[in-house]
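Inspection log for the structure reproduced underneath, given as structure tokens.
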Amino acid sequence: MARKEAGHEEKGFEAPGTLVLVLVFLAWFALAFTVAWSSLGRAWPVH
């Protein structure tokens, strides 16, 4: 069992900036993926 050190309290999530950066990168990657596939679909039609 982990014991609590004196003077240290449990905190919530301590890296909100990292989470924001990850979500921004994920959104950018999804947008880039969608744009690339739609461009490919227009340039190389499948018959």
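- At a threshold of 4.5 Å between side-chain heavy atoms, the hydrophobic network of Ile, Leu, Val, Met, Phe, Trp and Tyr places Trp37 and Trp44 in one connected group.
- Counting heavy atoms from C-beta on, the side chains of Ser39 and Val35 come closer than 4.5 Å.
- Interatomic distance, Leu26 CG to Leu19 CG, rounded to the nearest 0.5 Å: 10.5 Å.
- Between Leu23 atom CG and Thr18 atom OG1 the span is 11.0 Å, to the nearest 0.5 Å.
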